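Hydrogens, waters and symmetry mates play no part in the numbers below; they use all other heavy atoms, side chains included. What you see is a predicted model, and the numbers here were worked out from it, not measured in a lab.
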Amino acid sequence: MSNHQKRLSVPNSWPVERKTATFTVKAGAGPHGESGVPLLIVLRDVLGYADNRKEARYALNEDNVLINGKAISDEERPVGMFDILAFTEREEYYRVFPGEGGRLALTAIDPDAAESKLGKIVTKTHVSGGDVQLGLHDGETLVVEDDQTYDAGDSIVVDNEDGEVVAHFEYEEGALVTAVDGAHAGEVGEVEEIQVTPGSAQNNVLVSQDEGEGFETVEEYVVVIDENFTGDDE
């Protein structure tokens, strides 16, 4: 199987130039599904820390590059929304955040903020023993005690070291959200109204903004955050 991906057919979220060359690296198996961006692209095309695959492999073999608190050695490991990237030797820390047009962008954060990551709950199922399994947007699953306060659409913050939930944000009117896809990707505002759509169609979400006209999008595209997730260093 080829290790290359045609640039013209990469997902819109990938931060690569499409017409500079025919191919780019293909994401390996891992979290985030098809929207995951290979770590090599982040190191080479976004941050400029490596000129090619060989240099990226050398850097990764030093165990100085962490994703969500774990050292990564595979340059094809997918990186996606709300992942935490730490470059320990450089003492640089980033959160992957939606940028303009839905492209993944990096937001600089402080070391304390890099100790945990945000996850949107997309599924909630009961498992044996009476506990609850939460499925997050990146494919990760987390077993928690049976607690009716967690619902699909909510967001949680998970400690990278022990996997414990350290914060919980409910999806409800008045919640602070960001759009992660669609025409308003990267915009932030408060949920003004959740319009329930009959049948199998997506619910609509009306989002208001202090500065701006607000926007409307589908429920799948919004993620609940708090103010710390839009600019930790400010």
Notebook entry, point to check: Under the ring pair (Phe, Tyr, Trp, His ring centres under 6.0 Å) test, which residues partner Phe82, sequence neighbours left out?
Noted result: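 Testing Phe82 for ring pair (Phe, Tyr, Trp, His ring centres under 6.0 Å), a comparison that skips the adjacent residues, returns Phe97, His137.
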Roughly how far apart are [X] [atom1] and [Y] [atom2], rounded to 0.5 Å?
| X | Y | atom1 | atom2 | answer |
| --- | --- | --- | --- | --- |
| Leu85 | Leu43 | CG | CG | 8.0 Å |
| Leu136 | Leu118 | CG | CG | 9.0 Å |
| Leu60 | Glu55 | CG | CD | 12.0 Å |
| Asp131 | Leu142 | CG | CG | 10.5 Å |
| Leu134 | Lys120 | CG | NZ | 14.0 Å |
| Arg95 | Leu106 | CZ | CG | 11.5 Å |

Item checked: Pairing of Glu76 and Arg53 as salt bridge, 4.0 angstrom limit -> yes
Checklist line | Check ion pair Lys117-Glu140 (N to O, under 4.0 angstrom) | finding: yes
Next item on the list: Flag yes if Val223 and Leu206 sit in one hydrophobic cluster, no otherwise; membership is Ile, Leu, Val, Met, Phe, Trp, Tyr, and two members link when side-chain heavy atoms are under 4.5 Å apart.
Entry: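 No.
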Check: Hey, any chance Val177 and Val218 share a hydrophobic cluster, counting ILVMFWY side chains that come within less than 4.5 Å of each other, even indirectly?
Finding: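 No, separate clusters.
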Determine the minimum heavy-atom distance between [X] and [Y], stating which atoms define it.
| X | Y | value |
| --- | --- | --- |
| Asn61 | Ser73 | OD1-CB, 4.4 Å |
| Ile121 | Ile156 | CD1-CG2, 4.0 Å |
| Gly69 | Asn160 | N-ND2, 4.0 Å |
| Ala50 | Ala56 | CB-N, 3.7 Å |
| Thr217 | Val222 | CG2-CG1, 3.4 Å |
| Ala114 | Ile84 | O-CG2, 3.5 Å |

Note to self: Can you list everything that forms a salt bridge (Lys or Arg N to Asp or Glu O under 4.0 Å) with Glu216? Sequence neighbours excluded, please.
What the structure shows: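 For Glu216 there are no salt bridge (Lys or Arg N to Asp or Glu O under 4.0 Å) partners, ignoring immediate neighbours.
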Next item on the list: Would you mind listing every ring pair (Phe, Tyr, Trp, His ring centres under 6.0 Å) that reaches into residues 197-221, with sequence neighbours excluded?
Entry: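 Qualifying pairs: His184-Phe215.
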Next item on the list: Report the C-alpha distance between Leu66 and Thr88 in whole Å, list the side-chain angles of each, state the deciding distance to 0.1 Å, and finish with yes or no for side chain to side chain contact (heavy atoms under 4.5 Å, CB included).
Entry: CA-CA 8 Å; Leu66 279 61; Thr88 55; 3.9 Å; yes
Next item on the list: Determine whether more than 12 heavy atoms belonging to other residues, nucleotides or ligands lie under 6.0 Å from atom CG of Asp112.
Entry: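 Yes, CG of Asp112 has more than 12 neighbouring heavy atoms, counting only those of other groups under 6.0 Å.
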Notebook entry, point to check: Stepwise, does the side chain to side chain contact (heavy atoms under 4.5 Å, CB included) test hold for Val132 with Lys124?
Noted result: CA-CA 7 Å; Val132 168; Lys124 174 184 176 180; 3.6 Å; yes
Donor-acceptor pair, distance only, cut-off 3.5 Å: does the side chain of [X] make one with the backbone of [Y]?
| X | Y | value |
| --- | --- | --- |
| Thr178 | Val188 | no |
| Asp63 | Ala71 | no |
| Gln209 | Gly214 | yes |
| Ser116 | Asp159 | no |
| Glu75 | Pro38 | no |

Do [X] and [Y] have side chains that get closer than 4.5 Å, going by heavy atoms?
| X | Y | value |
| --- | --- | --- |
| Leu39 | Asp74 | no |
| Tyr49 | Val65 | no |
| Asp110 | Tyr93 | no |
| Ile41 | Arg44 | yes |

Give every donor-acceptor pair under 3.5 Å between a side-chain atom in residues 164-176 and any protein atom, sequence neighbours left out.
from, atom 1, to, atom 2, distance (Å)
His168, NE2, Asp154, OD2, 2.9
Tyr171, OH, Glu219, OE2, 2.8
Glu173, OE2, Ile194, N, 3.4

Margin query: Going by side-chain hydrogen bond (donor to acceptor under 3.5 Å, both in side chains), name the residues that satisfy it together with Glu161, two or more places apart in sequence or in a different chain.
Written below: none
Next item on the list: Report the C-alpha distance between Val79 and Ile67 in whole Å, list the side-chain angles of each, state the deciding distance to 0.1 Å, and finish with yes or no for side chain to side chain contact (heavy atoms under 4.5 Å, CB included).
Entry: CA-CA 8 Å; Val79 177; Ile67 299 180; 3.8 Å; yes
Next item on the list: Decide side chain to side chain contact (heavy atoms under 4.5 Å, CB included) for Asn203 and Gln195; before the verdict, give the C-alpha distance in whole Å, the side-chain angles of both, and the deciding distance to 0.1 Å.
Entry: CA-CA 6 Å; Asn203 292 339; Gln195 298 178 329; over 6 Å; no
Item checked: Pairs involving residues 78-94, ordered by first then second residue, that meet salt bridge (charged side-chain N to carboxylate O under 4.0 Å, His left out) (sequence neighbours left out) ->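 Listed by first then second residue: Arg77-Asp83.
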